[in-house]
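In this text the structure is predicted, and so the values were computed from the model without any measurement. In listed order, ligands and their atoms are each counted from 1.
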Amino acid sequence: MSNYHIKHLEEYWQVYRKSVSHPEHFWEEVAEEHFLWRKRWDKVLEWDFNTPIVKWFQGAQLNITENCLDRHLTTRGDKTALLFEPNDPKEAAQHITYKELHKRVCQFANLLKSQGIRKGDRVCIYLPMIPELPIAMLACARIGAVHSMVFAGFSATALATRINDCDCKMVICSDGSYRGAKTLDLKSIVDEALEECEIASVLVVKRTGNDVQMKSGRDHWIAPLLENISGECPVEIMEAEDPLFILYTSGSTGKPKGMLHTTAGYMVYTAYTFKNVFQYRENDIYWCTADIGWITGHSYIVYGPLCNGATSVMFEGVPSYPNFGRFWDIVDKHKVNQFYTAPTVIRALAKENVSHVTSHDLSSLKVLGTVGEPINEEAWHWYNENVGKKKSPIADTWFQTETGGIMISPIPYSTPTIPTFATLPLPGVQLALMDDNGKEIQGNQVEGKLCIKFPWPSMARTIYGDHNRYRETYFSAYDNMYFTGDGALRDAVGYYRITGRVDDVIIVSGHNLGTAPIEDAINEHPAVAESAIVGYPHDIKGNALYGYVTLKETGADRNQDNLRKEINDLITSRIGPIAKLEVIQFTDGLPKTRSGKIMRRILRKIAHKESDQLGDISTLLNPEVVESVIKGSLA
Ligand code: WTA
């Protein structure tokens, strides 16, 4: 039996049981079966969740790009590694073979070196979905630099915060990006961000050809620098626990958390889960529609697929351009076999005429996937019936930026699926549901806070520059457990269903948004005294943001529609358009506890139109405010 590829349910159980009873032995076998190591590990695992420290495959030496590229050159050199589908359907798709990708990564790596980038340096990547994005990431990994990608929809302020937090030496960006019919001017966002950062060198990819300012001495076009540069670049030999990348995610407090991922464990886990969750076979065409700027794209467009020698599609555009059939057009055109997307996209497409789907031949599809938020039953059925024609199993995959790779998911064609259930933990994943007294809840048909009891190879090792916050956020809520921040239930047969966040993070259209940074942005407005954000159910976005805003005396007479616009503009400039509020209600005050804490629970009920279920509010500091908030509700 091969551990590396699970093919039926009994095998899943066998592998799972082994992975739990002898985790170190199990991961050692997986690591031996598939990868290229420059030196073997001395010790599989060292861990302590109190400190917390987690180290996998200590003593091993490797370079992840050798596993993603060099290893395939003899057997798959002419196979397409990246299949780039441009925004404009009239622009030709690019089939970038393993040979070509290897060469372009080496050239880019040599360019980074010539610009003074060395092992351990942080490099910020702020690029749209164009081939230079994965090339830049892999080039960093090849020379041991740590990439920190910032999704190219974040604002200048958000970008500057992330560049400064991990002290990046360089920024890689493009002149602009295409999003459907729109062109965005990315370089000017970078210019604005860099007014607050000390960056010696900015490398710019030309994509849209819009006018940009190039600061002499600092900014360089990439194409001329790549001419005559060698296509060979020896790898930097990395230790197993050397950092691979930093990726920011929102937290309950204002500052984003730079999750730090390391090399060997991340590689082993993402490669292993890619193979099994998507049941990838040698000549399949695999497509994940996420942006590479999120963890899903890091792990399941770039590293996981390339470590398996797969063909990974990357799409520059949006599902609605030039019409709502674009995704299905791409599936048909490239005969995609595995298709992985987000529930919010499914809901948006399900609203359109179904002929957008039925007019395309989707018979190549074998496996469907979703990720990022709970999928509602209606969307699940629409996806299953119209896209999968009830023949392609849906892998509802649960994971987090922090977990690096998929943790809970059916194994397609093995695990029977049920709508809205992510089903069973993958091998090596030991889940626990906890009650409010900090005890693990045993048995089935129970609900609690979702925790993980034992380390897995791709878990983030720390928050960059703030190990204390890492411990506090993830390891202090429960003894000896990693706390996910999600709630979950376990049904009668032991399947898991994620019920949503139990902290101050709200998932809007699959994007994690912390309430604190949005409130901070709103409170910057001179007319605002204070504010509180809650999520409420939304047809397409899953959740949308409802803001309660109390104005200062000076703002009380102002035109409320203008104020709403100004507040949303402020949020767009501080964070990005993804964090805009759907509803803004101006309030006389916010309900507070006697210690002065805003009672979001009450505000949430009001936004959910459940103001008849507030319970006892008499212990509040200002119970009279609640009545006026209910009266003014826009829910
Ligand atoms: C949520 C995205 C339900 C969850 C990969 C998690 C999900 C957060 C699912 C992490 C799913 C992700 N079902 N909820 N299949 N997948 N989530 O860091 O709340 O952007 O904690 O990683 O998304 O979001 P992140």
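The OG1 atom of T311 lies 10.0 Å from the CD atom of Q338; values are rounded to the nearest 0.5 Å. Here H298 contributes atom NE2 and H147 contributes atom NE2; the two are 5.0 Å apart, rounded to the nearest 0.5 Å. Interatomic distance, R162 CZ to N164 CG, rounded to the nearest 0.5 Å: 11.5 Å. How far OG1 of T341 is from CH2 of W287: 7.5 Å, rounded to the nearest 0.5 Å.
Ligand 1 has at least one atom lying under 4.0 Å from a heavy atom of F399.
Here the protein heavy atom with the shortest distance to atom 8 (C) of ligand 1 is I507 CD1, 3.6 Å. Looking from atom 21 (O) of ligand 1 to the surrounding protein, the closest heavy atom is D486 OD2, 2.6 Å. The closest protein non-hydrogen atom to atom 1 (C) of ligand 1 is G372 O, 3.3 Å. In terms of protein heavy-atom proximity, atom 18 (O) of ligand 1 is closest to T401 OG1, 2.6 Å. Shortest contact from atom 3 (C) of ligand 1 to any protein heavy atom: P374 N, 3.1 Å.
Aromatic rings from Y340 and F278 are positioned such that their centres are separated by under 6.0 Å. Between F245 and Y266, the distance separating the two ring centers is shorter than 6.0 angstrom.
Close contacts of ligand 1 with T397, meaning ligand atoms under 4.0 Å from a residue heavy atom, involve 9 (C), 11 (C), 15 (N), 16 (N). The atoms of ligand 1 that sit less than 4.0 Å from any heavy atom of I295 are 5 (C), 22 (O). Every atom of ligand 1 is numbered from 1 in the order shown, and the set under 4.0 Å from a heavy atom of V371 is 5 (C).
In this structure, of E402, H298, E373, the residue bringing a heavy atom nearest to atom 7 (C) of ligand 1 is E373.
The shortest N or O to N or O distance between T296 and ligand 1 is not below 3.5 Å. Residue contacts with ligand 1: N512 is placed with a nitrogen or oxygen under 3.5 Å of a nitrogen or oxygen of the ligand (distance criterion only). The N/O atoms of T370, backbone and side chain alike, include none that comes under 3.5 Å of an N/O atom in ligand 1.
Side-chain N or O atoms of T423 include none that pairs as donor or acceptor with a backbone N or O of Y495 at under 3.5 Å. Remark: the backbone N or O of S174 is not paired with any side-chain donor or acceptor of Y126 at under 3.5 angstrom. Although no hydrogens or angles enter the test, the distance criterion places a donor-acceptor pair under 3.5 Å between the side chain of D491 and the main chain of V493.
Here H511 has no heavy atoms under 4.0 Å from ligand 1, in either its backbone or its side chain.
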